[in-house]
**Q** 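Here it is, the structure in full.
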Amino acid sequence: MAVFVHHRSLLEAFMHRRVSGSPEPERAGVREFFSPLDELDRVFLRLGQEGRPVRLPLPDEEGPGLEVGELRVELAHPATSPERRAHIWSSAVARARQGGEPWVTVVAGFAVPVLRRVLSRVPRGKVERGEVEQEMLAALTAAVRSLNPSAPQLDRELFRAADRAAHRAAYAATRRAHHTVHALDDRPMDPALLRASEGEDEYLVLWRAVEDKVVTRRQAQVVALTRLNGESMTALAHEWRVSRRQLYRLREQAETRLAEHLAS
């Protein structure tokens, strides 16, 4: 089986985009939201648009197989039989497990229409859409590595893994937000205000954490602005002129320290 080494893996492409901190394109002065699912879709569609379009040979069928974009259309069509659908999924997952790329991207690309429906059912709250998409894709690719390609209802198992990851991310974000603040800026801390409450106000709770050196002021700002104010990491990274990677690291450190502090 040929290995298409010129295709970057889905996770490599996504992590490169996320870690690099490169600016998002702007349209009419408005920054576009970075969507891992949109990025995946672009990578998937390019597989069929290059000089050597990727085709998936199916067992017991002659020829080089159908182009992967055509197969995704077939998978989504209501007239496609369950047997045919299972045959396509099984073949794609088997190749992904054996040969890596581009087949991991192919399997994930096949799943994009269903993943968008899963995303639409995730409760809206303190979780960022991009974070949920990232978790779904990570769970899906992990399931590709662990599931038997011959397993019954293989596609449903892949979708269930993504669905569980999406709802876990939403639940975890809601829990974290409960222990943070409604707003935070660079105003100087007022000692009298800090002593005025015993933790009933989340704003004061976080300021006390800063005063006690549990978290830095910068870490506290990231938590407040992105978790409760709903500002995206991309927008904040542009405003502060830092990479998204640095902001994610700051927020993860702050939330870990806050959780330990509040539990003590």
Side-chain angles (χ1 to χ4, degrees), residues 11-12 14-22 33-36 119 122-143 161-191 193-195 197-264:
L11 292 184
E12 286 174 340
F14 170 65
M15 291 306 294
H16 173 78
R17 178 76 176 277
R18 172 184 167 185
V19 168
S20 66
S22 58
F33 167 74
F34 169 61
S35 164
L119 185 64
V122 175
R124 301 290 180 179
K126 307 304 180 185
V127 65
E128 296 177 16
R129 172 183 159 187
E131 183 177 348
V132 176
E133 292 183 12
Q134 178 193 356
E135 294 300 324
M136 286 196 300
L137 291 176
L140 182 79
T141 53
D163 183 80
R164 288 192 296 267
H167 283 84
R168 279 198 304 267
Y171 176 76
T174 301
R175 289 290 300 251
R176 287 193 299 263
H178 180 72
H179 296 293
T180 53
V181 299
H182 294 297
L184 188 65
D185 57 24
D186 283 321
R187 76 185 73 174
M189 290 185 290
D190 184 343
L193 185 63
L194 291 171
R195 294 192 296 268
S197 170
E198 288 302 321
E200 295 178 356
D201 189 292
E202 290 177 330
Y203 182 87
L204 297 180
V205 170
L206 192 58
W207 272 132
R208 287 195 182 91
V210 174
E211 186 183 45
D212 293 341
K213 302 188 184 305
V214 176
V215 296
T216 66
R217 186 188 297 267
R218 196 70 157 176
Q219 288 171 329
Q221 287 176 312
V222 174
V223 172
L225 293 172
T226 63
R227 288 302 187 194
L228 290 188
N229 287 10
E231 187 169 348
S232 73
M233 283 294 203
T234 297
L236 190 60
H238 276 281
E239 180 181 344
W240 287 5
R241 300 183 182 278
V242 298
S243 69
R244 289 191 301 272
R245 180 182 185 182
Q246 182 177 347
L247 292 184
Y248 275 107
R249 184 169 62 248
L250 283 173
R251 189 173 70 181
E252 180 180 1
Q253 292 170 348
E255 290 174 342
T256 299
R257 293 172 183 174
L258 279 170
E260 294 172 350
H261 178 65
L262 294 171
S264 62

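Heavy atoms only: backbone and side chains are in, while hydrogens, waters and symmetry mates are out. Note that this is a predicted model, so its numbers are computed, not measured.
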**Q** Go through the structure and list residues passing side chain to side chain donor-acceptor pair (under 3.5 Å) with Thr216, not counting sequence neighbours.
**A**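 Thr216: side chain to side chain donor-acceptor pair (under 3.5 Å) contacts with Gln219.
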
**Q** Using every non-hydrogen atom in the two residues, find where Gly130 and Pro36 come nearest and quote the distance to one decimal.
**A**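 Looking at all heavy atoms of both residues, the closest pair is O-CG, 3.7 Å.
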
**Q** For Ala165 versus Ala139, what's the shortest heavy-atom pair and its separation?
**A**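 Closest heavy-atom pair between Ala165 and Ala139: CB-CB, 3.5 Å.
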
**Q** How far apart are the closest heavy atoms of Leu258 and Ala209, and which atoms are they?
**A**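 So the minimum-distance heavy-atom pair works out to CD2-CB, 3.7 Å.
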
**Q** Please report the shortest heavy-atom distance between Ala166 and Met136, naming the atom on each side.
**A**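 Ala166 and Met136 have their closest heavy atoms at CB-CG, 3.6 Å.
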
**Q** Do Met233 and Val222 make a side-chain contact, defined as non-hydrogen atoms from C-beta onward lying under 4.5 Å apart?
**A**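 In short, these two side chains touch, coming nearer than 4.5 Å.
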
**Q** Nearest 0.5 Å please: distance from the CD atom of Glu211 over to the CZ atom of Arg217.
**A**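 Going from the CD atom of Glu211 to the CZ atom of Arg217 covers 10.5 Å.
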
**Q** Can you check whether Arg218 reaches Trp240 side chain to side chain, under 4.5 Å on heavy atoms?
**A**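 Of all side-chain heavy-atom pairs linking Trp240 with Arg218, at least one is under 4.5 Å.
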
**Q** Could you grab the distance from atom CG of Leu247 to atom CD of Gln221, nearest 0.5 Å is fine?
**A**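 Answer rounded to 0.5 Å: 11.0 Å.
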
**Q** Give, for atom CG of Leu119 and atom CG of Asp163, the distance between the pair rounded to the nearest 0.5 Å.
**A**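 Answer rounded to 0.5 Å: 10.5 Å.
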
**Q** Minimum heavy-atom separation for Arg257 and Val214, please, with both atom names.
**A**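 In terms of heavy atoms, the two residues are closest at CD-O, 3.2 Å.
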
